[in-house]
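As structure tokens, the structure follows; a few thoughts come after it.
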Amino acid sequence: MSAVKRSMVVERLRKDQMVELLSKEKRLDNRGLLDLRNIVIETGVIERASGSAKVQVGNTQVIAGVKIETGEPFPDTPDKGLLVVNAEVLPLASAYAEPGPPDEDAIELARVVDRGVRESKMIDLSKLILIPGRKVHAVFVDVNVLNVDGNLFDATSYATVASIATAKMPKLFVDQNGQIKRTEEIIPLPIKSIPVSVTLARIGDVLLVDPTSEEEAVMDARITLVFDEEDNVCAGQKGQPGTLNFDQVKLAANIAKVKAREVRKIILGGITKDAKG
Amino acid sequence: MSAVKRSMVVERLRKDQMVELLSKEKRLDNRGLLDLRNIVIETGVIERASGSAKVQVGNTQVIAGVKIETGEPFPDTPDKGLLVVNAEVLPLASAYAEPGPPDEDAIELARVVDRGVRESKMIDLSKLILIPGRKVHAVFVDVNVLNVDGNLFDATSYATVASIATAKMPKLFVDQNGQIKRTEEIIPLPIKSIPVSVTLARIGDVLLVDPTSEEEAVMDARITLVFDEEDNVCAGQKGQPGTLNFDQVKLAANIAKVKAREVRKIILGGITKDAKG
Amino acid sequence: MSAVKRSMVVERLRKDQMVELLSKEKRLDNRGLLDLRNIVIETGVIERASGSAKVQVGNTQVIAGVKIETGEPFPDTPDKGLLVVNAEVLPLASAYAEPGPPDEDAIELARVVDRGVRESKMIDLSKLILIPGRKVHAVFVDVNVLNVDGNLFDATSYATVASIATAKMPKLFVDQNGQIKRTEEIIPLPIKSIPVSVTLARIGDVLLVDPTSEEEAVMDARITLVFDEEDNVCAGQKGQPGTLNFDQVKLAANIAKVKAREVRKIILGGITKDAKG
Amino acid sequence: MVELINEKGLRIDGRGVDELRPLRIEVGVLKNADGSSYIEMGKNKIVAAVYGPKEVHPKHLALPDRSVLRCRYHMAPFSVDVRKPPQPSRREIEISKVIREALEPALILEEYPRTAINIYLEVLQADGGSRCAGITASAVALADAGISMRDMVVACAAGKISGQVVIDLDDTEDKEGDADLPIAIMPNLNQVTLFQLDGIMAPEEFEKAFNMAVSACHQIYEVQREALIDKYFGKGEAGEE
Amino acid sequence: MVELINEKGLRIDGRGVDELRPLRIEVGVLKNADGSSYIEMGKNKIVAAVYGPKEVHPKHLALPDRSVLRCRYHMAPFSVDVRKPPQPSRREIEISKVIREALEPALILEEYPRTAINIYLEVLQADGGSRCAGITASAVALADAGISMRDMVVACAAGKISGQVVIDLDDTEDKEGDADLPIAIMPNLNQVTLFQLDGIMAPEEFEKAFNMAVSACHQIYEVQREALIDKYFGKGEAGEE
Amino acid sequence: MVELINEKGLRIDGRGVDELRPLRIEVGVLKNADGSSYIEMGKNKIVAAVYGPKEVHPKHLALPDRSVLRCRYHMAPFSVDVRKPPQPSRREIEISKVIREALEPALILEEYPRTAINIYLEVLQADGGSRCAGITASAVALADAGISMRDMVVACAAGKISGQVVIDLDDTEDKEGDADLPIAIMPNLNQVTLFQLDGIMAPEEFEKAFNMAVSACHQIYEVQREALIDKYFGKGEAGEE
């Protein structure tokens, strides 16, 4: 995913060129520094999944599927259902992706997206209990990256959120003998919040949103912030071996807060379309 | 198992020579194209196993052992016992075999042999239930290849079939408390059919049965067909990146059907000897 | 752990020099052949563990922690609790250690230490049963080697033994419903014996105790013997592709028996300090 | 036992015995891949991508006289009813192998010595016949990548359900039926490149099924052609979907 | 919900909202490592070791213009309440990555082309904030190994518990509290090298927490300095503990 | 506690305390291996194969002055009462190591620089003492492969059951007995190449057991010799079994 090995000279030239361009507030694809690429969210694309969403952010393409199973709670949270988010950058997504178990980049990706969902309390996990301490609903979200063109964090987050928000499952109940039975009723997950992720890159002295692969190849640092509907920040992560100064951190948080409101409408649009369809 | 890397020139010469010989209907070991090598089947060779068989097909040598345990049925087949067939080409079997988990060749081998047993309904899996939906017999067949000289598919199949056909286990029952108990009675597995596998190779325009390692090294394609006692075909697999034309497929099926009758007698002989012994 | 690849010429020179020195009964660190290095044993160093011990043998440094969980007994020993000893040579312990699962050296290390504890009957495993055949205490001892300077077998054994001997756990009981409950009472493990390990190296014709890394680099063979308080030998292991003659084996056993008495006092000191503390 | 063919001779989804499921193939769906395609065949939804010819890593795996072909057939965890763990199962490993062997005869690998060509299949949703759909999609992606080919490759299963020979089994028919016979052919060279069989058929049923599967392959081949023509020579006025 | 701050404004362990846990750093604790340190921060007990700069294996991973930095954060099985299996968890893999990225900006890796520098952290006992304590200890071990550095790196979390912003959360506060914001900074260059956030904070709380974490880092930096001075210039009369 | 020795001093299978189990060794049982053997010792049934000296892969593992010896001791899943998963257990890894170290002193590896010699042991059925039987069989297979040897290697255990010292423990005696002392020796050079001990013995019992194990090794050595003589100089009139 990041194993691109380029000639150092070329690398430096590309970066110089990009910094020069950015200093004029221009980007290779003609966007402004704080302009997002086009975001397309389609839900309900995989009938066999409980919930699913295909998301395009520019040429970045991901698909998420939710499976809801029953399982045992973790010993230290006997009163909560389970949420597991996995992400794989499929080998078909880029010339640099390799088959095999998720590498540290894919693990970080899944864990940051998971934190946004978990810490925003998107799913009320306390409502996913079947038999307290023994049987709970387990929500598995698997996200497959199909085409890489930068900003996997946001694309993966949007697909995860949209697939969870539109997931449906048969209502279960526990009979007198302690057996779990399913009813005919189909219900959604208990959704309390919709978290929205916004990622910025620092290249030289410039902060920009929604970086492409070409921008990520020369960026110094990446910062992702996730917000709920009340502008609370609920997850964050800096990435890459570059730094941000104190003002840049605060500026990034402010920019992300504003852009999150913009993306929120698009996500809600994608979710609602499904509810109607 | 197939990782022999030879000089391409030598490779081509060997193949030309083989094709020339075969065009005269001759083989390196003087067999006719449709002659099998000598097949020796010994059962009951491992006392600690529920069933076992050592099979030699020419210099190919394999040993199979059956273990019968109790386990849980798969959720989608709650009314069936379990059958698991594994095959390993041991590193002692050839200069090209490596220690480690089964490679794609060994996995294909095990799965094709498994299909023959499963699809012929050799074992009546519906009779292997102890507590419906919860406890069933699980039949594990492990096949170790001890010496490789071609046609592992048939040798592995014969050893698997002979070890299953002669396997014995204590009769179990479920007491009032739902505990599984063993009786003194020793019973065989519920056997309904004996599948017989026959493998052909295409080299140039010629089809031949029971290829040796030397023949496999130059073969274009391999085709395996499995038959039950009523000449029904119950499993098939083409292998190798070569093709067969439509007539060759049908011809192979006809030849295999006839040869299967011949092998059936040998397998039944090996099984019966054990029953007496 | 042993993957040091040195120039062969240097290797041979080092060995010649060492053999020469040893023939005068001298060692690089001025010890006599049968002198141990300084042994320091601190127990109770990890509050979150049920038991723990940090052991230094010269510059060799290891730390062991005990965790006591409940688990199911092995089917063939339904009337016994579980004991699992693991050892890892951490990558921070030496320039030659690598991250990753334990290699054959670390596995041998853990298994030999485990045998000493198990065969001396240090823990009365029959007293670790909660529900016969179904629930038992499982004692996990994990030993991390922090710095390698030879004689890991003895250092690991001392840390294991001291951490087990000082481990404490809440007393559990089974209520009428078959549920396992914990009481307020804190109890030690049922300790019956304290095994003591002593390792010797043969270099040339000389036997010496407690070898350093430099001595191990040139040793021909290593022999470890473990004794209980009545001078019974309860575990042994020769290592390295060198031999011992019959007299050397018997001599090693006699030396080890005597040195074990000396080490026993140090271990008991380390354990007792904790009991007071 | 489920009734798989009704008294009118129709199958559960209303098809006749020799009728294909709805089939749709799209070319060039992934920007990064050298060639790609998307297939829907019944409820199968599969993406195929080709990367290569490109350098081989590690180098000692390169062949001096031809390209090394690799294939990975993989199912998304959400593609089946019960979540599938992401690591490759034995089934996926076997299918990857037979798909590679089904495609290799059609490729002129000698044109690309010392390189590798990688085919990646991701099954987003699985129905019966996903290996056949995967082969059909892979061949299109290989063509999209511009790899030299002797012929297309196209695959379809025939089988036996409720005592009758039918083509293109769906999931229920595959599980509840009597036999499944997936094949792949090179449609112009009349060569079989994949052949598998699972389940019981009498010799005459086998021959009938084989012939029906060959015919079905020829129908699917037309859809492959149209998809490639659409991509490379345009659809005229029609939009993309 | 546990009451994490009492009516006197004190936390469970008696600390004020802007008070650090007891902190102790020791330098040079392992004989074999090129640099090492030991940190206790609350109940965290962590050993850090640095090996390098040294040859890279396998060689093709070496970089022509700088050293390759590697980091492994690992928890001992007995470091937490429920035994942790020894193989690295996803959490440990992520933390290893962010720690490496937190340290790299401070290292002048260009001075050591074609080499590797390995940082190993073993958490012998874990409390809240083990990644921060690990970064703080690693920076000291890197200095002890004599690696050229632009600045120290020092880390501390702030967070929100019982509605108040506090620093240096322990295990209970981390689990029962509302938010945790671990950061690492280069204290003289005023640059953030690690930034993570877990839990809900309003924008103004976020800014306050961030500022408090920066202040806390400066306090810890003093302890780092003293530990290194003790090692290299002696403690005068005082013993080692 | 099981009674392992009856009032007549006989063991469960009727043997005396210093009596070996039935022993059979066959040479050259596998066509492809450079050397091979098959041993039955009690209920142990083990095949040993030697491949080499041959090229080392990967090459950097080769040694300039001698051959690299490798050994894999592996149990078939059906070799024990409860099915053993095929992947190597910790026990198999340790035993592979001690067997390799038991054989290496007898081999003149300096004659084969830059090569590898691989020994593979497959335990088809396991009884007590399978590592000893495996060593005994391996040494025969190495001789069959024509590897230069300083001496044979032969192995046998002594032990303590029902308070008495005995040789060649079977499975029940191993599990129910007090101690097991497997050793391997070079019978002409009087050197110990394997030494392990499991269980409690007083010092004088230990010495007695050790001496008895050495004697037992000499008896087994005769069987090794006969098997090799049979293979290479014929059995006269007798058939192969």
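Residue numbers begin at 1 in each chain, while the letters A, B, ... track the order of the sequences.
- Most heavy-atom pairs under 4.5 Å with chain F: of the set B/Ser50, B/Ala95, B/Ala49, B/Ala64, this distinction falls to B/Ala95.
- Within 6.0 Å of atom NZ in B/Lys80, 12 or fewer heavy atoms from other residues, nucleotides or ligands are found, so the atom counts as exposed in its surroundings.
- With rounding to the nearest 0.5 Å, the separation of CG in F/Leu124 from CD1 in B/Ile63 is 4.5 Å.
- Under the 4.5 Å side-chain criterion, counting only non-hydrogen atoms from C-beta, B/Arg48 is in contact with F/Asp171.
- Remark: B/Leu92 CG to F/Asn118 CG distance equals 11.0 Å, nearest 0.5 Å.
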Practice task
May I have the step-by-step check of side-chain contact (heavy atoms from CB on, under 4.5 Å) for F/Arg83 and B/Asp142, ending in yes or no?
Solution key: CA-CA 9 Å; F/Arg83 178 178 182 269; B/Asp142 288 280; 2.6 Å; yes
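- Taking NE2 from F/His74 and CG from B/Leu90, the interatomic distance works out to 7.5 Å, rounded to the nearest 0.5 Å.
- Looking at heavy atoms from C-beta onward, B/Gln61 lies out of side-chain contact with F/Val29 at the 4.5 angstrom threshold.
- Panel note: side chain F/Gln125, backbone B/Glu47; a donor-acceptor pair is recorded below 3.5 Å.
- Within the model, atoms CD of F/Gln87 and CD of B/Glu88 stand 8.5 Å from one another, a figure rounded to the nearest 0.5 Å.
- F/Asn32 places a side-chain N or O within donor-acceptor distance of the main-chain N or O of B/Val148, the cut-off being under 3.5 Å.
- The neighbour count for F/Lys54 NZ, taken as heavy atoms of other residues, nucleotides or ligands under 6.0 Å away, is above 12.
- For B/Phe74, the CZ atom counts as loosely surrounded, since its 6.0 Å shell holds 12 or fewer non-hydrogen atoms of other residues, nucleotides or ligands.
- Considering only heavy atoms from C-beta on, F/Tyr51 stays 4.5 Å or farther from B/Pro91 through its side chain.
- Listed for the B/Lys67 side chain is a donor-acceptor partner under 3.5 Å among the backbone atoms of F/Val80.
- Counted within 6.0 Å of CD on F/Glu111, heavy atoms from surrounding residues, nucleotides or ligands total more than 12; the atom is thus considered enclosed.
- Here F/Pro77 is the residue among F/Pro77, F/Ala49, F/Ser79 with the most heavy-atom pairs under 4.5 Å with chain B.
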Exercise for the section: Give the intermediate values and the outcome of side-chain contact (heavy atoms from CB on, under 4.5 Å) for residues B/Asp149 and F/Lys31. Expected result: CA-CA 9 Å; B/Asp149 189 14; F/Lys31 296 280 174 185; over 6 Å; no
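- Summarising the local packing, CZ of F/Arg225 is surrounded by 12 or fewer heavy atoms from other residues, nucleotides or ligands at distances under 6.0 Å.
- Neither the backbone nor the side chain of B/Val141 comes within contact range of chain F; no heavy atom of the residue lies under 4.5 Å from a heavy atom of that chain.
- Counting only distance, with no hydrogens or angles, the side chain of F/Lys43 and the backbone of B/Ile46 share no donor-acceptor pair below 3.5 Å.
- Atom CZ of F/Arg150 sits in a crowded spot, with more than 12 heavy atoms from other residues, nucleotides or ligands closer than 6.0 Å.
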